[in-house]
Amino acid sequence: MDVFCSSQLELAGLQVFLIIISFLAAASAGNFYEEFDITWGDDRAEIHDDGKLLTLSLGKASGSGFQSKNEYLFGKIDMQIKLVPGNSAGTVTAYYLSSENWETHDEIDFEFLGNLSSDPYILHTNLFIQGQGKREKQFYLWFDPTADFHTYSILRNPQCVV
């Protein structure tokens, strides 16, 4: 588990921006119709169950994404993701949280890098504070992320990003 804690952790309110290739997300509170906009992906992004469930998928040339209408200072985000099986070199499955000011933006990245069929899958993370990143970590997954949906979480409080 990668943990970044600091008494100086001053990330701005982050909007949820997601670029997802194949995932399933469930809202534990709130409503996707009211609190999020589907930003791209046409029919590959769909809201179900009276706004409690959002599904995004991969087409032959592109994925899909959504964005929160509000900013959030702290909280936990859970994503249920199933990666593309086989040779997925050139495909990146990602979700990230970002503030809107790109010059001094804050961002939390969570990316799965595509691979050749026999290579292990790599989870790449990064944290930007006031536009400065260089906090990359890579994790070689010990399980097959293409076999089923797995839950991945980001927890953010005033002192830590886990």
Review point. What do the steps show when you test R44 against L56 for side chain to side chain contact (heavy atoms under 4.5 Å, CB included), and what is the final call?
Key: CA-CA 6 Å; R44 294 181 308 278; L56 303 176; over 6 Å; no
Indicate the atoms forming the closest heavy-atom contact of [X] with [Y], along with that distance.
X	Y	answer
A45	I38	CB-CG2, 3.4 Å
I129	R135	N-NH1, 3.9 Å
P120	Y140	CG-CD2, 3.8 Å

Practice item. Output, in order, the C-alpha distance, side-chain angles, deciding distance and verdict of side chain to side chain contact (heavy atoms under 4.5 Å, CB included) for E136 and T125. Key: CA-CA 5 Å; E136 292 103 339; T125 63; over 6 Å; no
Counting distance only, does the side-chain N/O of [X] pair as donor-acceptor with the main-chain N or O of [Y] below 3.5 Å?
X	Y	result
N31	D50	yes
D49	K52	no
S64	S57	yes

Point to revise | Proximity of Y152 and F112 rings by center, below 6.0 Å | key: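 Ring centroids of Y152 and F112 are less than 6.0 Å from each other.
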Practice item. Classify the angle between the aromatic ring planes of F143 and H150 as parallel (below 30°), tilted (30 to 60°) or perpendicular (above 60°). Key: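 Ring orientation of F143 relative to H150: tilted.
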[atom2] on [Y] to [atom1] on [X], rounded to 0.5 Å:
X	Y	atom1	atom2	result
D148	K82	CG	NZ	6.0 Å
I47	Y33	CD1	OH	5.5 Å
I122	E111	CD1	CD	12.0 Å
R156	L127	CZ	CG	9.0 Å

Practice item. Show your reasoning for whether side chain to side chain contact (heavy atoms under 4.5 Å, CB included) applies to S153 and K76. Key: CA-CA 7 Å; S153 302; K76 180 180 178 189; 3.7 Å; yes
**Study point:** Hydrophobic cluster identity match, L116 and L123, side-chain contacts under 4.5 Å
**Key:**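 Per the 4.5 Å side-chain linkage, L116 and L123 are not co-clustered.
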Review point. Any link between W142 and L83 through a network of hydrophobic side chains (Ile, Leu, Val, Met, Phe, Trp, Tyr) touching at under 4.5 Å?
Key: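 Yes, W142 and L83 fall within the same hydrophobic cluster.
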**Study point:** Polar side chain donor-acceptor pair, D78 to T151, under 3.5 angstrom
**Key:**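 Checked: D78/T151 side chains show no N/O donor-acceptor pair below 3.5 Å.
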**Study point:** Donor-acceptor pair between D144 and T146 side chains, under 3.5 angstrom
**Key:**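 Short answer, yes.
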Review point. Got F32 and L53 here, is their nearest side-chain heavy-atom distance under 4.5 Å?
Key: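 Counting from C-beta outward, F32 and L53 never come under 4.5 Å.
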Exercise for review: With side chain to side chain contact (heavy atoms under 4.5 Å, CB included) as the test, would you mind laying out the steps for I154 and F110 before giving the verdict?
Suggested key: CA-CA 9 Å; I154 295 175; F110 200 91; 4.2 Å; yes
Point to revise | Enclosure of E46 CD (heavy-atom neighbours >12, cutoff 6.0 Å) | key: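 Enclosed: over 12 neighbouring heavy atoms sit under 6.0 Å from CD of E46.
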Exercise for review: Decide, yes or no, whether a salt bridge links D37 with K69 under the criterion of side-chain N to carboxylate O below 4.0 Å.
Suggested key: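 A salt bridge is present here (some side-chain N lies under 4.0 Å from a carboxylate O).
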